[in-house]
Amino acid sequence: MGDQITITCNSCATVNRKYINRISADVDNRIILAGISAGIIISALSVFHFSFIATLLLCIPIIVCIIEMSKSHAFKSYRIRRS
């Protein structure tokens, strides 16, 4: 009872019971790519006026990507033993 949770499908609204260890996490690459491309555009526009800030703006999406991947890996590696 405690090892399973109820999950509702987002597309068909069916309710299923799923074992906790079968749930996984994935990084949404579209959000990260949008952040990196926005960082590149803003950095390119501000590189002549604020070179240090432009470098930081380019690094922030990459740092967020690394953090998201490490959180996803930590979630996937955590397992609960069956009783």
Side-chain angles (χ1 to χ4, degrees):
M1 179 175 167
D3 293 334
Q4 294 181 354
I5 61 171
T6 304
I7 297 178
T8 304
C9 179
N10 290 336
S11 59
C12 62
T14 58
V15 177
N16 296 324
R17 294 187 61 78
K18 198 162 191 174
Y19 186 66
I20 291 176
N21 289 343
R22 302 243 177 196
I23 298 172
S24 64
D26 292 324
V27 176
D28 191 5
N29 291 329
R30 295 174 295 171
I31 295 172
I32 293 173
L33 288 177
I36 290 174
S37 54
I40 289 172
I41 291 170
I42 293 171
S43 295
L45 294 175
S46 64
V47 73
F48 297 112
H49 300 289
F50 311 104
S51 61
F52 180 70
I53 295 173
T55 305
L56 286 179
L57 288 174
L58 185 62
C59 293
I60 289 172
I62 296 170
I63 293 170
V64 169
C65 175
I66 292 169
I67 292 170
E68 288 294 319
M69 286 184 179
S70 67
K71 285 183 181 181
S72 174
H73 176 71
F75 182 82
K76 288 179 182 179
S77 64
Y78 182 75
R79 295 285 180 222
I80 297 174
R81 290 185 181 171
R82 289 189 177 192
S83 52

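What you are looking at is a predicted structure, and each value in this text was computed from that prediction instead of being measured.
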Next on the checklist: Just to verify, what does S77 make a side-chain contact (heavy atoms from CB on, under 4.5 Å) with, not counting sequence neighbours?
Outcome noted: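 Partners of S77 by the side-chain contact (heavy atoms from CB on, under 4.5 Å) criterion come out as none, since no residue qualifies.
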
Item to check | Under the side-chain contact (heavy atoms from CB on, under 4.5 Å) test, residues paired with I7 that sit two or more places apart | outcome: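 Result, side-chain contact (heavy atoms from CB on, under 4.5 Å) vs I7: I5, K18, I23.
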
Next on the checklist: Count I, L, V, M, F, W, Y as connected when their side-chain heavy atoms are under 4.5 Å apart, and connections chain through other members. Are M69 and I36 then in the same cluster?
Outcome noted: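 Same cluster.
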
Item to check | Remaining members of the apolar cluster that contains I63, side-chain heavy atoms under 4.5 Å | outcome: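 Answer for I63: I67.
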
Item to check | Nonpolar side-chain network containing L45, other nodes, edges under 4.5 Å | outcome: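 Answer for L45: I41.
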
Next on the checklist: Please list all pairs meeting salt bridge (Lys or Arg N to Asp or Glu O under 4.0 Å) that have one or both residues in residues 29-53, counting only residues at least two apart or in different chains.
Outcome noted: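 Pairs touching residues 29-53 that pass the test: D28-R30.
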
Item to check | side chain to side chain donor-acceptor pair (under 3.5 Å) contacts touching residues 61-72 (sequence neighbours left out) | outcome: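 For residues 61-72, and leaving out neighbouring residues, there are no side chain to side chain donor-acceptor pair (under 3.5 Å) pairs at all.
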
Item to check | Nearest-0.5 Å distance that lies between atom SG in C65 and atom CG in L33 | outcome: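 Between atom SG of C65 and atom CG of L33 there are 8.5 Å.
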
Item to check | Value rounded to 0.5 Å, distance of CD1 in I32 from OG in S37 | outcome: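 Separation between the atoms: 11.5 Å.
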
